[in-house]
Amino acid sequence: HFMDRNIWRDEAKPLAGFCRDPSKPAFLATNWWVTRHNFVYPEVDLVTKTPRSSGMHSNQFAFPPLDQTVHAIRDRELEQARIGYEETRLPVYYLQMLKREFPKAEFIPADNLFWRVRAVKTPEELRRLREAFRMATQVYRETFAMMQPGVMLGDVSGKGTPAALF
């Protein structure tokens, strides 16, 4: 499975992969800084180094997580595997490159499967979601309390709003 998380730029889009064979560990191909503070899955291999040889031509932009993903697939000997991907999230360019790199693999859209997988949360994910909700609620309450007719946005943000939490 390859899942694209659109952060801000293509270089920052981690790609996650896992295999039905438990002897082949799951991986997250990303820049090291994406996971430096909150990566909490010790059973997942972080693939953060871009291999020296890339399938990219010199006149193309580099997408390190994609090169790392290619490397991780080869390391796990999955070049001829059936590979599920999120059609609604994986950029077409990524899919085209993966298909070029692995012409014997079968690529199938698997969006529904991954929506079902995401519905199950670990205790740590639940804790983080609750904390995010608590912080957002606090920010909104305190910000709305400062809002009055005629008050400008700059006035609200300059009064020590809890937005500094972020």
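The figures here come from the full heavy-atom set of this structure, side chains too, leaving out hydrogens, waters and symmetry mates.
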Is it possible for you to say whether L95 and Y93 belong to one hydrophobic cluster, with membership spreading through side-chain heavy-atom contacts below 4.5 Å?
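Same cluster: L95 reaches Y93 through Ile, Leu, Val, Met, Phe, Trp or Tyr contacts under 4.5 Å.
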
Hey, any chance W115 and L90 share a hydrophobic cluster, counting ILVMFWY side chains that come within less than 4.5 Å of each other, even indirectly?
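No; tracing contacts between hydrophobic side chains, which count when under 4.5 Å, never links both residues.
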
To the nearest 0.5 angstrom, please state how far the [atom1] atom of [X] sits from the [atom2] atom of [Y].
X	Y	atom1	atom2	answer
F102	F107	CZ	CZ	7.0 Å
E106	K99	CD	NZ	10.0 Å
T143	Q138	OG1	CD	9.5 Å
L129	R134	CG	CZ	13.5 Å
K24	I73	NZ	CD1	11.5 Å
D111	T88	CG	OG1	4.0 Å

Please walk me through it: do R100 and M97 pass side chain to side chain contact (heavy atoms under 4.5 Å, CB included)?
CA-CA 5 Å; R100 274 195 316 269; M97 183 177 170; 3.8 Å; yes

Worked verdict on L98 versus V70 for side chain to side chain contact (heavy atoms under 4.5 Å, CB included)
CA-CA 7 Å; L98 289 169; V70 168; 4.0 Å; yes

Ignoring hydrogens, what is the shortest heavy-atom contact between A110 and G84? Give both atom names and the distance.
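Taking every non-hydrogen atom into account, CB-CA, 4.1 Å.
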
Looking only at non-hydrogen atoms, find the nearest pair between Q148 and A145 and report the distance.
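That closest heavy-atom pairing would be NE2-O, 3.6 Å.
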
May I ask you to test the K104-E79 pair for a side-chain heavy-atom distance under 4.5 Å?
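Side chain of K104 against side chain of E79, heavy atoms only: no contact under 4.5 Å found.
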
Less than 4.5 Å apart, any side-chain heavy atom of D67 and any of E101?
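With C-beta onward as the side chain, the pair stays apart.
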
Step through the shown structure and confirm whether more than 12 heavy atoms of other residues, nucleotides or ligands are within 6.0 Å of CZ on R74.
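Yes, because the 6.0 Å sphere around CZ of R74 holds more than 12 heavy atoms from other groups.
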
Can a salt bridge be assigned to the pair R128 and E125 using a cut-off of 4.0 Å between side-chain N and carboxylate O?
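Between E125 and R128 there is no salt bridge, as every charged N stays at least 4.0 Å from the carboxylate O atoms.
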
